[in-house]
Every structure is written in C-alpha cells, then in structure tokens.
Amino acid sequence: MSNNQNPSRQSDQGIDEDNVLLLGKNFNIVGDLIGQGTVIVSGRVEGNISSNKTVSEAGSSVVGNINCTQLDISGSVKGLIQATNVIIRKGALVEGEVHYSTLAMEQGCEVLGKLKKISEKPLASRTSTSETKTQTAEVILLNFPNELKAKLQGSGALSSARLTLVDGSTAPAWVNLTGDKLGLLVSNSEIQALKNRNETLQLRLNAGENYFDFSLPL
C-alpha cells in the first residue's frame, strides 16, 4: 500500500496550500499582509494587502489598500485597489478607487468611488515591497473621532449626510465620505501637502438640520 503525497500540496481548487494565507471569519488582523501567494479573507483586515491573488469572501471586511494580480471581492473593501484582473460579485461593497486592467461586476454589487483602467502589466510583479507600500498609500481611510461618530449616529439623518466646506461650497474631489458616513477616504498626498504648508482644510458635515465642523488633518 503506497502513501505518496504531492510535495507541493495542491488543493482541489488548484491553489498551492504552501502559499496560502487563510484568515478565518472570527479573526481581526491589524497590519499589512505582504507575500507572493494567495490571501483569502473571511474575517477583518485593517491594513494593506499585497499578494499575487486576494479573495475577499462574503461577510469579510478589508479596511486598507489592495495591490495584486487577481482580485475576487464578495465582501467589503475600503481603500485603493490596484489589480490586473478584478471581479466584484453580488453583495460586495467597494469604497475607494479601483485601478484595473480587466473588470467584471455582477449585478447587485456596489462601488462607491472611481473606476480607472490601467495597463495590463501585472502590478504585483513590477513593484518591490518598498514600492508597494508607497503606491498603496495613495488613498487612506480616516475614521471620525468617537465623539463625532456618536453625534452623527444620534442626529437621525446620517444616511443623507453630505460633505461641504464651512462656507457651503463644494468639498475638494480628493475628500469623500465612506459608505457608512462615519469616516473619510482622502488623498494621502494632499494631506501631506497640507501638513507641509502647516495649513488646515475647514470642512462641514451636514446631517439633516444639524451640521458638524471639523478640519483636516484630523
């Protein structure tokens, strides 16, 4: 009786199990995930992901930027996506820019942000680790302070909240509310420019008859 095993341990789905990171639904990871294999997210990741393939399963959450060759989204992703081939499935929620070469979107998904077609050269194969960290920092998530979150949730008009400058004029295009209206997706380079000039951007969050003033950087 023989008991030969394939040393590469290929699964039935064609995935090399030696190069797979599986994050279960009861796990919450804070920090960046960088590697050359496949990342499968069933839980929550607060940080950037750089891999050959990333799978966001239904019910999962990624708050951070994703840089990979193959990306399959069924859960929630908030951040900048840079991927060669992207699939956004029914029930998925994407908040932030999506840079892609090929894109498939199923009916019933939701994308709150910009879609930008790029060259077909795989992003993951042409960036080093240090370069990846620089590129994936283009759009960042800023959560509102807990005190402001509590006021917003108690305003009764959170779903219709909108962002303007304090004088009522349109907010810059590089500042956007997240889908839950409890944070911002902003351009990191613009934030750094404000800091370098020692300046602030005065913003107003309008929620029904109430409004809340704050400044960037937070």
Side-chain angles (χ1 to χ4, degrees), residues 30 44-49 56 60-67 73 75-83 86 88 90-100 103 105-118 133-218:
V30 179
R44 178 178 174 85
V45 175
E46 298 179 47
N48 302 322
I49 299 176
S56 161
S60 69
S61 174
V62 177
V63 181
N65 307 310
I66 299 177
N67 183 294
I73 305 174
S76 169
V77 176
K78 297 181 181 181
L80 172 67
I81 290 173
Q82 296 184 100
V86 180
I88 306 176
K90 179 180 179 181
L93 171 63
V94 177
E95 300 180 48
E97 290 192 15
V98 180
H99 297 183
Y100 66 92
L103 174 65
M105 299 174 62
E106 293 183 351
Q107 185 174 3
C109 70
E110 186 173 8
V111 178
L112 306 176
K114 298 179 180 179
L115 299 175
K116 181 179 180 181
K117 188 174 179 61
I118 58 175
K133 290 183 178 179
T134 299
Q135 291 187 7
T136 55
E138 290 183 17
V139 176
I140 58 176
L141 173 68
L142 299 177
N143 287 311
F144 289 136
N146 291 333
E147 181 180 352
L148 178 55
K149 286 184 179 181
K151 290 180 180 179
L152 288 170
Q153 291 170 328
S155 68
L158 184 60
S159 61
S160 61
R162 60 187 182 88
L163 194 66
T164 66
L165 297 179
V166 291
D167 62 3
S169 58
T170 303
W174 55 268
V175 183
N176 294 281
L177 285 170
T178 58
D180 58 10
K181 310 297 178 67
L182 295 177
L184 299 173
L185 290 169
V186 302
S187 166
N188 189 37
S189 61
E190 294 290 349
I191 292 294
Q192 291 301 321
L194 286 174
K195 291 180 179 179
N196 293 339
R197 296 194 303 266
N198 198 27
E199 296 178 356
T200 59
L201 179 67
Q202 304 299 314
L203 294 168
R204 174 167 293 175
L205 186 59
N206 301 275
E209 297 180 355
N210 300 314
Y211 66 86
F212 307 93
D213 292 344
F214 62 95
S215 61
L216 287 179
L218 291 174

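Numbers for residues simply follow the sequence, beginning at 1.
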Spacing of [atom1] belonging to [X] relative to [atom2] belonging to [Y], to within rounding of 0.5 Å:
X: Lys117; Y: Tyr100; atom1: NZ; atom2: OH; value: 6.0 Å
X: Leu115; Y: Ile88; atom1: CG; atom2: CD1; value: 6.5 Å
X: Glu95; Y: Leu112; atom1: CD; atom2: CG; value: 5.0 Å
X: Asn67; Y: Leu80; atom1: CG; atom2: CG; value: 8.5 Å
X: Ile66; Y: Ile73; atom1: CD1; atom2: CD1; value: 5.5 Å

- Between the main-chain N or O of Gly75 and the side-chain N or O of Ser56, is there a donor-acceptor pair closer than 3.5 Å?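 Yes: the side chain of Ser56 pairs with the backbone of Gly75.
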- Query: Any salt bridge (charged side-chain N to carboxylate O under 4.0 Å, His left out) pairs touching residues 187-198, not counting sequence neighbours?
  - Reply: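 Matches after skipping sequence neighbours: Arg197-Glu199.
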Output a table of donor-acceptor pairs, distance under 3.5 Å, between side-chain atoms of residues 211-218 and any protein atom two or more places apart or on a different chain; print 'none' if there are none.
from	atom 1	to	atom 2	distance (Å)
Asp213	OD1	Arg204	NE	2.6
Asp213	OD2	Arg204	NH2	3.0

- Task: Report the residues that fulfil side chain to side chain donor-acceptor pair (under 3.5 Å) with Ser76, sequence neighbours left out, ordered by chain and then residue number.
- Result: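 Result, side chain to side chain donor-acceptor pair (under 3.5 Å) vs Ser76: none returned.
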- Quick one: list whatever passes side chain to side chain donor-acceptor pair (under 3.5 Å) with Gln202, sequence neighbours left out.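 Gln202: side chain to side chain donor-acceptor pair (under 3.5 Å) contacts with Thr200.
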- Search all heavy atoms of Gly64 against all heavy atoms of Val77 and return the closest pair with its distance.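 Nearest pair, atom of Gly64 first, then Val77: O-CG1, 4.4 Å.
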- Message: Asp167: which residues meet the side chain to side chain contact (heavy atoms under 4.5 Å, CB included) condition with it, sequence neighbours left out?
- Response: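 Residues passing side chain to side chain contact (heavy atoms under 4.5 Å, CB included) with Asp167: Leu165, Ser169.
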- Item | For Glu106, all residues meeting salt bridge (charged side-chain N to carboxylate O under 4.0 Å, His left out), sequence neighbours excluded |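 Arg89.
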- With a 4.5 Å heavy-atom cut-off, do Val86 and Met105 have their side chains touching?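 A side-chain contact under 4.5 Å is absent here.
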